[in-house]
Amino acid sequence: MKKFIISLLTICAAIGQITAENVNFTAHAPSAVEKFAQFRIEYSLNAQGDNFQAGNINDFNVLMGPSVSQSYSTQIINGKMSSSKTTTFTYILQATKEGTFTIPAATVMSDGKKYTSNSVTIKVLPPDNSTSANSRQTAAASNSSSNDAHQNTVTNVKGSVFMRAIPSKTRVYEQEAVLLTYKLYVKGVNVSGLPVMKFPETQGFISQDIQLPDDKQWVLEHYNGNNYQTITLKQTLLYPQHAGKITIPSGDFEAILRIPNVSRSRRSIFDDFFDTYTEQRKKLKTDPITIDVKALPKNKPAGYANAVGAFNMKSSINTQKLKTNEAITIKVKISGNGNMKLIENPKVNFPADFEVYDPKVTNDFSNTTGGVKGNKIIEYLAIPRYAGTFRIPPIEFSYFDLNSQSYRTLKSEEYNIEVEKGSDNENASVGVSGNITNKETLKLLGNDIRYIHSKDTRLDNKNDFFYGSFGYWISMLLPLLITVALLVIYRKQAKENADIAKSRNKKANKLAKKRLKEAEKHLKANAREKFYDETLKALWGYFADKFNIPVAELTKENIETELTKRHVEASQTQEVMELLSTCEFARYAPTKTEGEMQNIYQRTIDIISTLEDSFKKTR
């Protein structure tokens, strides 16, 4: 008994030691209710509270409240005891009018301090149109046999469970995000599982899945005159890659419904507690969706970076005064909302005397229902090799602004760089000549000096003449023969080089196949990123050779233009655009579909073969 009293006093003392720093005051209410329905709103305080003041709740009828309840809990983990106390203020309200209403924050006093809760927003839905019809069906079912009643229940289920694929918009520009939401709608039955969920492939789009919470919540929603319990199964951001009408196919799903067995009479009181259920499988299918994609305006500015959305740009430089062979870094930060993962790096025009390195790119993005938001930071590093004053012109970043539906160009400030001559460590190590500027000069120095011979010298007889001998005539004719042979070879080579485009065109298919063999090795090794990189190199290299365009100047737009000039079919051109987009962005949005890489590999081989046939026909 004594130990029990000591333990009780310890618990009470622990409860009284709740500190103000850990006090939380939160409000909880359903996000949606039906008109005339009763619902509960609770304000929870993890401490002792008084002087509770609720927010304005005049938009609802107050049926009861506020009622106050308190609860205590104690936990002992690894020998350490923790206790908590919760005070709850509860209202029971009734919704009397349709619309969306916000109940402001409430306040409460605890240990001399005032705490404020969060506000809650409640959507009041129209009454369910099928309420009276369901009542009549229930009455009819109660007068029938038990077998008829069960059959009636199953029949009612047929219109009570379905799936919807809901796009946020159906008319967009290229690269403008479409939020696609898959929802399950349930009315009057319990769904115990979804064993089959086959979401359709979204050809023609780059997809970015939104991370949904693990504990998905059911939400009441009014649709077509009825109120359903809904749950969101998947949300995806889709970025269309070409203009035209793109169709998202139907998705196939299967739900397991848990239907109570209805009996005409109760044999025992325990029948109320031990109901039996029948599981029924129901196939569900979403309707196909067509997205009308508008082409971007043709007047694209020179600095267009394949960006669509709303962006801003900032730039900075680490120094504007330095010495030769020291590094300079320009940092460009692009922030905003749009196709962040697809935009290209702005071009920085460094002076020709600067040695420029590949930029370092850091991405900090998050997928939200409003699009991909975040920052892209590009760091450009260059090293000046000569002293002088240099100018780096403003960096330009152009994008298509969805708000104004026009192109906008952002510019940074220009940078003036002062480069002083630094110490030449390489020359300092060469002690023999202060004028040596590089290693090549040092190598030539050894051939410029001839030393005096100190050994015995061999003297030839003056009557031994080389002139007129056989060796003399051979040495005279041999250079002439070599000159003629070289002239023939050089003329042939010059003739071939004169038509570089033709030479590259002939080799395009051969080089593409060689690169695809490397891609096949990565495919067998399941090296996803390397596979897509090599496949992309094969495609870009093929078109660069075929159209005699440098890879640095090659874009999807001029590929599409060149294919159109050569009268390639539209379906083949579209296949090329989709392959380029899929390979280019696979690392950002992996589909993880079984056999996906094998499919891309085969499609690449097929399209190159098809294009070769098309080009031969148009010659």
Side-chain angles (χ1 to χ4, degrees), residues 32 100 123 125-126 161-185 197-212 219 221-226 228 230-253 284-298 300 306-311 336-343 366-373 399-407 556 560 570-571 573-575 577-578 581-582 585 588-589 591:
T100 301
K123 187 175 182 179
L125 307 177
V161 181
F162 58 90
M163 286 283 301
R164 288 182 68 206
I166 309 167
S168 59
K169 57 189 82 171
T170 55
R171 286 181 59 84
V172 294
Y173 279 100
E174 292 177 78
Q175 301 291 350
E176 180 181 357
V178 178
L179 176 65
L180 184 62
T181 302
Y182 288 91
K183 273 188 181 182
L184 174 66
Y185 288 71
M197 287 196 294
K198 292 183 180 179
F199 297 99
E201 293 187 5
T202 51
Q203 295 290 338
F205 297 92
I206 294 297
S207 60
Q208 308 284 327
D209 288 341
I210 295 176
Q211 185 68 37
L212 296 176
V219 178
E221 183 177 322
H222 191 79
Y223 177 70
N224 279 353
N226 294 308
Y228 297 88
T230 66
I231 191 168
T232 300
L233 300 177
K234 183 179 181 180
Q235 284 188 313
T236 304
L237 291 169
L238 302 178
Y239 290 91
Q241 297 301 295
H242 60 82
K245 294 184 182 297
I246 307 178
T247 299
I248 302 171
S250 301
D252 294 317
F253 307 87
L284 309 174
K285 185 182 287 286
T286 57
D287 294 330
I289 300 169
T290 299
I291 306 296
D292 188 4
V293 183
K294 295 181 288 185
L296 294 174
K298 296 294 185 182
K300 295 179 181 177
N306 195 40
V308 176
F311 305 97
N337 182 1
N339 59 339
M340 293 290 297
K341 296 183 180 180
L342 313 183
I343 60 179
S366 60
N367 299 336
T368 70
T369 55
V372 178
K373 300 179 180 179
Y399 69 96
F400 184 75
D401 183 27
L402 292 172
N403 295 324
S404 62
Q405 296 187 3
S406 62
Y407 291 105
K556 286 187 283 187
E560 188 173 7
S571 60
T573 302
Q574 182 176 340
E575 175 71 4
M577 295 299 104
E578 290 180 0
S581 298
T582 301
F585 307 117
Y588 297 123
T591 57

Worksheet item: Could you go step by step and tell me if Leu184 and Phe253 meet the side chain to side chain contact (heavy atoms under 4.5 Å, CB included) rule?
Response: CA-CA 10 Å; Leu184 174 66; Phe253 307 87; over 6 Å; no

Practice prompt. Please assess Gln211 against Gln235 for the test side chain to side chain donor-acceptor pair (under 3.5 Å), listing each intermediate value before the final yes or no.
Written response: CA-CA 8 Å; Gln211 185 68 37; Gln235 284 188 313; over 6 Å; no

Practice prompt. Spell out, as yes or no, whether a donor-acceptor pair under 3.5 Å connects the side chain of Thr286 to the backbone of Gly251.
Written response: yes

Worksheet item: Does any non-hydrogen side-chain atom of Glu221 lie less than 4.5 Å from one of Lys183?
Response: yes

Worksheet item: Say you draw a straight line from NZ of Lys245 to OG1 of Thr170; how long is it, rounded to the nearest 0.5 Å?
Response: 9.0 Å

Discussion item. Using every non-hydrogen atom in the two residues, find where Tyr239 and Ala177 come nearest and quote the distance to one decimal.
Written reply: CE2-CB, 3.6 Å

Item to complete: Using the side chain to side chain contact (heavy atoms under 4.5 Å, CB included) rule, take Leu342 and Gln241 through it: C-alpha gap first, then chi angles, then the decisive distance, then the call.
Response: CA-CA 11 Å; Leu342 313 183; Gln241 297 301 295; 3.9 Å; yes

Fill in: pair Lys169-Glu176: side-chain heavy atoms closer than 4.5 Å
yes

Worksheet item: Does any N or O in the side chain of Ser168 come within less than 3.5 Å of the main-chain N or O of Val178, such that one atom is a donor and the other an acceptor?
Response: no

Worksheet entry | Expected output: side-chain Asn339 to main-chain Glu174 donor-acceptor under 3.5 Å | no

Fill in: More than 12 heavy atoms from other groups under 6.0 Å of NZ on Lys198
no

Worksheet, complete the sentence: Correct closest heavy-atom pair for Val372 and Asn337 would be O-OD1, 3.2 Å

Worksheet entry | Derivation and outcome, side chain to side chain contact (heavy atoms under 4.5 Å, CB included), residues Ile210 and Thr236 | CA-CA 6 Å; Ile210 295 176; Thr236 304; over 6 Å; no

Discussion item. Check the orientation of Tyr185 and Phe162. Use parallel for under 30°, tilted for 30 to 60°, and perpendicular for over 60°.
Written reply: parallel

Practice prompt. Could you tell me the separation between the CD atom of Gln175 and the CD1 atom of Ile206, rounded to the nearest 0.5 Å?
Written response: 8.0 Å

Worksheet item: Once you round to the nearest 0.5 Å, how far does OG1 of Thr247 lie from CD of Gln203?
Response: 12.0 Å

Discussion item. Using a 6.0 Å cut-off, check whether atom NZ of Lys234 has over 12 heavy atoms from anything other than its own residue.
Written reply: yes

Discussion item. As an exercise, state the distance from NZ of Lys341 to CG of Leu237, rounded to the nearest 0.5 Å.
Written reply: 9.0 Å

Discussion item. Donor-acceptor check, side chain of Asp292 to backbone of Arg171, threshold 3.5 angstrom: yes or no?
Written reply: no

Worksheet item: What's the shortest heavy-atom distance between Pro297 and Phe400, and which atoms?
Response: CD-CE1, 3.5 Å

Discussion item. Testing the basics here: between Phe311 and Met340, what is the closest heavy-atom pair and its distance to 0.1 Å?
Written reply: CE2-SD, 3.2 Å

Worksheet item: How many angstroms lie between OG in Ser250 and CZ in Phe199, if you round to the nearest 0.5 Å?
Response: 13.5 Å

Fill in: Closest non-hydrogen atom pair, Asn367 against Asp209
ND2-O, 3.0 Å

Fill in: Test item: Asn306 and Ile343 side chains (from C-beta on) under 4.5 Å apart, heavy atoms
no

Worksheet item: Rounded to the nearest 0.5 Å, how far apart are CD of Glu578 and CZ of Phe205?
Response: 10.0 Å

Discussion item. Quick check: do Ile291 and Leu238 have side-chain heavy atoms less than 4.5 Å from each other?
Written reply: no

Item to complete: Measure across Ala243 and Lys294 and return the closest heavy-atom pair with its distance rounded to 0.1 Å.
Response: CB-C, 4.2 Å

Worksheet item: Any side-chain heavy-atom pair from Met163 and Leu233 closer than 4.5 angstrom?
Response: yes

